[in-house]
> 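Before I ask anything, let me first share the structure, which is written out below as structure tokens.
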Amino acid sequence: MDDAALVRLAREGDGRAFAELVSRHRPMLIGLCRRVLWDRGLAEDAAQEAVLQAMLGLDRLERPERFGAWLGGIGLNVCRRWRRDQAREDW
């Protein structure tokens with residue numbers, strides 16, 4: 001089943017469809033987060049937050065076939081925010 005069909009099912013409340021989407025794109029998401037944060041543990045945490053944000057914002061996804069790219073963008077935004085917050089704390 002393609003991403004668009006899984007997104008459609010997930011929007012209808014199918015938790016297994018959302019879990020499939022996440023498992024399909026999780027390696028990419030963790031890889032992106034790890035490249036930004038340089039820490040596997042932090043990358044896992046950032047990926048988890050990104051998945052939560054994606055779950056809560058799934059209705060705002062305009063192009064369901066691009067779920068992976070959308071999730072990656074959310075992950076990058078989470079990582080950038082964390083780095084910005086860390087820089088403020090360090091300063």
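Values in this document were obtained by computation on a predicted structure and should not be read as measured data.
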> Locate the shortest heavy-atom distance separating Leu29 from Gly75; write the atom from each residue and the value.
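Closest heavy-atom pair between Leu29 and Gly75: CD1-CA, 3.8 Å.
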> Going from CG on Leu42 to SG on Cys79, what distance comes out if it is rounded to the nearest 0.5 angstrom?
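Result: 8.5 Å between the selected atoms.
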> Apply side-chain contact (heavy atoms from CB on, under 4.5 Å) to residues Arg80 and Leu76 and explain how you reach the verdict.
CA-CA 6 Å; Arg80 289 176 184 139; Leu76 287 175; 4.1 Å; yes
> Using the ring-ring contact (aromatic ring centres under 6.0 Å, His included) rule, collect all pairs that involve residues 36-65, keeping only residues at least two apart or in two chains.
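Checked against ring-ring contact (aromatic ring centres under 6.0 Å, His included) - neighbours excluded - no pair reaches residues 36-65.
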> State which residues pass salt bridge (Lys or Arg N to Asp or Glu O under 4.0 Å) with Arg66; sequence neighbours excluded, sorted by chain then number.
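Applying salt bridge (Lys or Arg N to Asp or Glu O under 4.0 Å) to Arg66 gives none.
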> Can you give me every donor-acceptor pair (side chain of residues 13-24, partner residue at least two apart or in another chain, under 3.5 Å) with its distance?
from  : atom 1 : to    : atom 2 : distance (Å)
Asp14 : OD1    : Arg16 : N      : 2.9
Asp14 : OD1    : Ala17 : N      : 3.2
Glu20 : OE2    : Arg24 : NH2    : 3.4
Ser23 : OG     : Ala19 : O      : 3.4
Ser23 : OG     : Glu20 : O      : 3.1
Arg24 : NH1    : Met1  : O      : 3.1
Arg24 : NH1    : Asp3  : OD1    : 2.7
Arg24 : NH2    : Met1  : O      : 3.0

> CG of Asp39 to SG of Cys33: how many Å apart, nearest 0.5 Å?
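Answer for the CG-SG pair, Asp39 versus Cys33, is 11.5 Å.
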> Among residues at least two apart in sequence or on other chains, which ones pass salt bridge (Lys or Arg N to Asp or Glu O under 4.0 Å) with Arg8?
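Partners of Arg8 under the salt bridge (Lys or Arg N to Asp or Glu O under 4.0 Å) test: none.
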> Which pairs pass ring-ring contact (aromatic ring centres under 6.0 Å, His included) with one or both residues in residues 46-65, sequence neighbours excluded?
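Non-adjacent pairs meeting ring-ring contact (aromatic ring centres under 6.0 Å, His included): zero.
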> Provide the closest heavy-atom pair for Ile30 versus Ala43 in the form atom of the first, atom of the second, distance.
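Smallest interatomic distance, heavy atoms only, reads O-CB, 4.0 Å.
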> Quick one: side chain to side chain donor-acceptor pair (under 3.5 Å) partners of Arg11, sequence neighbours excluded?
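Side chain to side chain donor-acceptor pair (under 3.5 Å) check on Arg11 returns nothing, list empty.
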> Sorted by first residue and then second, give each salt bridge (charged side-chain N to carboxylate O under 4.0 Å, His left out) pair with at least one member in residues 26-37; sequence neighbours left out.
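Of all non-adjacent pairs touching residues 26-37, those that pass salt bridge (charged side-chain N to carboxylate O under 4.0 Å, His left out) are Arg26-Glu44.
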> Quick one: does Leu37's side chain get under 4.5 Å of Arg83's, heavy atoms only?
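Result yes, sub-4.5 Å side-chain heavy-atom pair found.
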> Name all residues meeting the side chain to side chain donor-acceptor pair (under 3.5 Å) criterion together with Glu49; count only those two or more places apart in sequence or in a different chain, and write none if there are none.
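Glu49: side chain to side chain donor-acceptor pair (under 3.5 Å) contacts with Gln53, Arg81.
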> Using ring-ring contact (aromatic ring centres under 6.0 Å, His included) as the criterion, list what pairs up with Trp70, not counting sequence neighbours.
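Listed in chain order: Phe67.
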